There are 2 protein chains.
Amino acid sequence: MPPTPARTSRRAVYDELRRRVLSLELPPGAALSENELAAALGVSRTPVRESLILLSQEGLVQVFAKVGSFVSRVDPDRVADAQFLREAVELASLADVPSDPDPAAVADLRENLALQHLAADDVEEFFRLDEAFHHGLLRLAGHENVWPTVVAAKGHLDRARRLGLGETSTQVFITQHADVLDALLAGRREEARTLMQGHLRRVFADIQRVRERSPDLFASNAEAVPTRRSVAVWE
Amino acid sequence: MPPTPARTSRRAVYDELRRRVLSLELPPGAALSENELAAALGVSRTPVRESLILLSQEGLVQVFAKVGSFVSRVDPDRVADAQFLREAVELASLADVPSDPDPAAVADLRENLALQHLAADDVEEFFRLDEAFHHGLLRLAGHENVWPTVVAAKGHLDRARRLGLGETSTQVFITQHADVLDALLAGRREEARTLMQGHLRRVFADIQRVRERSPDLFASNAEAVPTRRSVAVWE
DNA sequence: GGTACAGCGCTTGTATGTAAGCCCATGACA
DNA sequence: TGTCATGGGCTTACATACAAGCGCTGTACC
């Protein structure tokens with residue numbers, strides 16, 4: 001008997017819109033319209049509008065009164081901020097992992113690693129597993145509930161990562177994941193910390209290269225000029 | 001010419017509600033009603049409802065479909081999560097402070113410290129200065145934009161702090177602030193880190209004592225039982 | 001051809017109406 | 001006295017109507 005898990009219409013719209021933005025299915029700069037989205041999703045403007053407001057608070061969309069709503073361009077500053085935040089949190093969490101971590105949580109991580117090998121070529125699935133792996137590491141230290149905050153802050157980082165998917169083979173990341181886990185479970189705290197920092201920064205470095213190739217998707221500075229009808233996506 | 005600074009009605013309602021929740025003017029457990037709030041604030045239900053949705057995403061209020069909306073009780077787990085998050089971020093930021101920090105930012109911090117002495121007895125003002133001080137420290141490392149994320153996550157922590165205002169003299173905190181800044185500007189990084197950690201944990205320790213005195217304001221576990229009409233506040 | 005201006009279409013913001021459901025009080029009944 | 005059914009009043013979720021304003025586009029004029 002959960003309190004309010006009600007599968008409300010707003011929740012469905014929010015989840016779907018967020019997924020499409022993060023997957024770049026709705027590309028940075030794309031114009032959104034409450035009316036169009038409502039019609040396409042078969043709901044009224046209300047749940048669509050409320051979802052857009054939530055996404056705008058996360059920084060994933062920008063709403064301009066009486067002008068329009070747009071998917072945010074990837075902001076390099078926000079990417080860097082998210083990188084700093086996640087690195088601070090994940091490294092600090094490693095220090096709080098007990099010497100005898102929860103066996104179930106460890107088993108989940110090992111299984112996740114195995115699945116990563118299988119999904120090495122499926123980018124979408126690999127990203128999902130990658131997220132779960134990092135979340136699982138926080139769980140080892142009992143900090144799993146901090147993950148949602150990190151997730152909410154790193155939307156720009158995630159989009160940049162997807163853009164840079166071809167830069168580094170997923171095999172490299174999988175090996176780094178395994179190395180971090182091994183060092184951690186062997187009690188080599190300092191090594192685990194160093195490995196994790198290297199892993200996170202490698203991801204970050206890829207983004208710089210991507211930016212040179214696809215400058216249109218990035219917002220160079222605070223010039224938030226809305227471009228009407230740049231792209232018509234969705235269905 | 002800012003893009004969308006439009007002083008919209010929703011923004012005003014959101015700011016006001018958030019302020020009242022964090023200041024405990026709207027105490028944990030208080031019942032909120034879209035209709036009542038709308039009438040009291042002289043607006044329609046729409047901006048009120050949208051504000052409540054935003055606050056619920058921050059965890060400051062809980063909305064139960066077709067039952068009611070309530071100010072969240074202070075959740076000790078969330079307080080601990082926020083403590084971990086802010087400690088991770090603020091300590092990591094200290095490591096990124098350059099050897100020659102921006103003089104203007106340093107001057108702001110020194111002035112802030114002076115004001116803290118003057119406002120030692122004005123709890124509300126001291127809290128404001130305390131927030132600005134910690135925000136300013138992040139600015140020294142160029143991580144000032146991470147502060148909003150920390151702020152959004154530490155609502156429960158802030159309410160708990162206000163409850164524990166009498167536990168420790170503000171003088172103690174002011175001295176700790178000054179010590180951290182002195183060590184940092186003198187280049188004693190490790191000492192600054194240790195002092196900051198001690199400062200943040202002292203604040204946290206106070207909360208435990210408060211909880212024993214005012215258990216009603218805390219949610220012991222996940223029992224999210226809505227209590228109708230517990231308090232009628234707001235003029 | 002070039003330029004200024006007016007109007008129209010689209011946008012979001014706000015207000016209001018409708019629907020569905022939970023909680024509690026009231027009253028019948030054993 | 002205790003217990004169970006039922007209805008009314010309240011809630012939020014969603015749908016719709018109205019208001020206000022930006023920006024493009026066509027047109028008149030030079």
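So that the names make sense, note that chain A is the first sequence line, chain B the second, and so on, each numbered from 1. Values below: all heavy atoms of this structure, side chains included; hydrogens, waters and symmetry mates excluded. Computed from a predicted model, the values in this text were never measured in an experiment.
At whole-Å resolution of the value, CG in Leu41(B) and C1' in dT14(C) are 14 Å apart. Note: OH (Tyr14(B)) to C1' (dG13(C)) measures 18 Å, nearest angstrom. Computed from coordinates, the Glu34(A) CD to dA17(D) C1' distance equals 15 Å when rounded to whole Å. For the pair Asn35(A) CG and dT16(D) P, the interatomic distance rounds to 11 Å; values are reported in whole Å. In this structure, Phe64(B) places its CZ atom 14 Å from C1' of dC23(C), rounding to the nearest Å. When the C1' atom of dC14(D) is taken as reference, atom CG of Leu37(A) falls 17 Å away, rounded to whole Å. Look at CZ on Arg10(A): it is 10 Å from C1' on dT12(D), rounded to the nearest Å. Leu32(A) has its CG atom 17 Å from the P atom of dC10(C), to the nearest Å.
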Which pairs would a plain distance check flag for residues 133-140 of chain B, meaning a side-chain donor or acceptor within less than 3.5 Å of a matching protein atom at least two apart in sequence or in another chain?
from, atom 1, to, atom 2, distance (Å)
His134(B), ND1, Glu90(B), OE1, 2.7
His134(B), NE2, His177(B), NE2, 3.4
His134(B), NE2, His199(B), NE2, 3.3
His135(B), NE2, Glu144(B), O, 3.2
Arg139(B), NH1, Asp108(B), OD2, 3.1

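Of the charged side-chain nitrogens involved, at least one lies within less than 4.0 Å of a carboxylate oxygen, so that Arg209(B) and Asp206(B) count as a salt-bridged pair. Look at Glu36(A) and Arg45(A) and you find no salt bridge, because none of the NZ, NE, NH1 or NH2 atoms lies under 4.0 Å from a carboxylate O. We find that Arg162(B) and Asp158(B) are not joined by a salt bridge, their nearest charged nitrogen and carboxylate oxygen being 4.0 Å or further apart. Electrostatic pairing of Arg128(A) and Glu131(A) does not count as a salt bridge here, judged by no charged N lying under 4.0 Å from a carboxylate O.
Helix bend of the helix from dG1(C)-dC30(D) to dA30(C)-dT1(D): the angle between its two end axes, each built from five pairs, comes to 10° after rounding to 10°.
Partners of Arg213(B) according to the salt bridge (charged side-chain N to carboxylate O under 4.0 Å, His left out) rule, which considers only residues two or more places apart in sequence or in another chain, are Glu167(B). Applying the salt bridge (charged side-chain N to carboxylate O under 4.0 Å, His left out) criterion to Glu87(B), with sequence neighbours excluded, gives Arg201(B).
The closest side-chain heavy-atom distance from Asp122(B) to Glu124(B) is below 4.5 Å.
Legend: salt bridge (Lys or Arg N to Asp or Glu O under 4.0 Å) pairs involving residues 52-62 of chain B, not counting sequence neighbours, sorted by first then second residue: Arg18(B)-Glu58(B).
In the region residues 45-54 of chain A, proximity to DNA chain C at under 4.0 angstrom, judged on heavy atoms, holds for Arg45(A), Arg49(A).
When the side-chain nitrogen and oxygen atoms of Ser9(B) are compared with OP1 and OP2 of dT14(C), one or more of them lie within a distance under 4.0 Å. Of the side-chain N and O atoms in Ser44(B), one or more sit less than 4.0 angstrom from OP1 or OP2 of dA15(C). The side chain of Thr8(B) places no N or O atom within less than 4.0 Å of a non-bridging phosphate oxygen (OP1 or OP2) of dG13(C).
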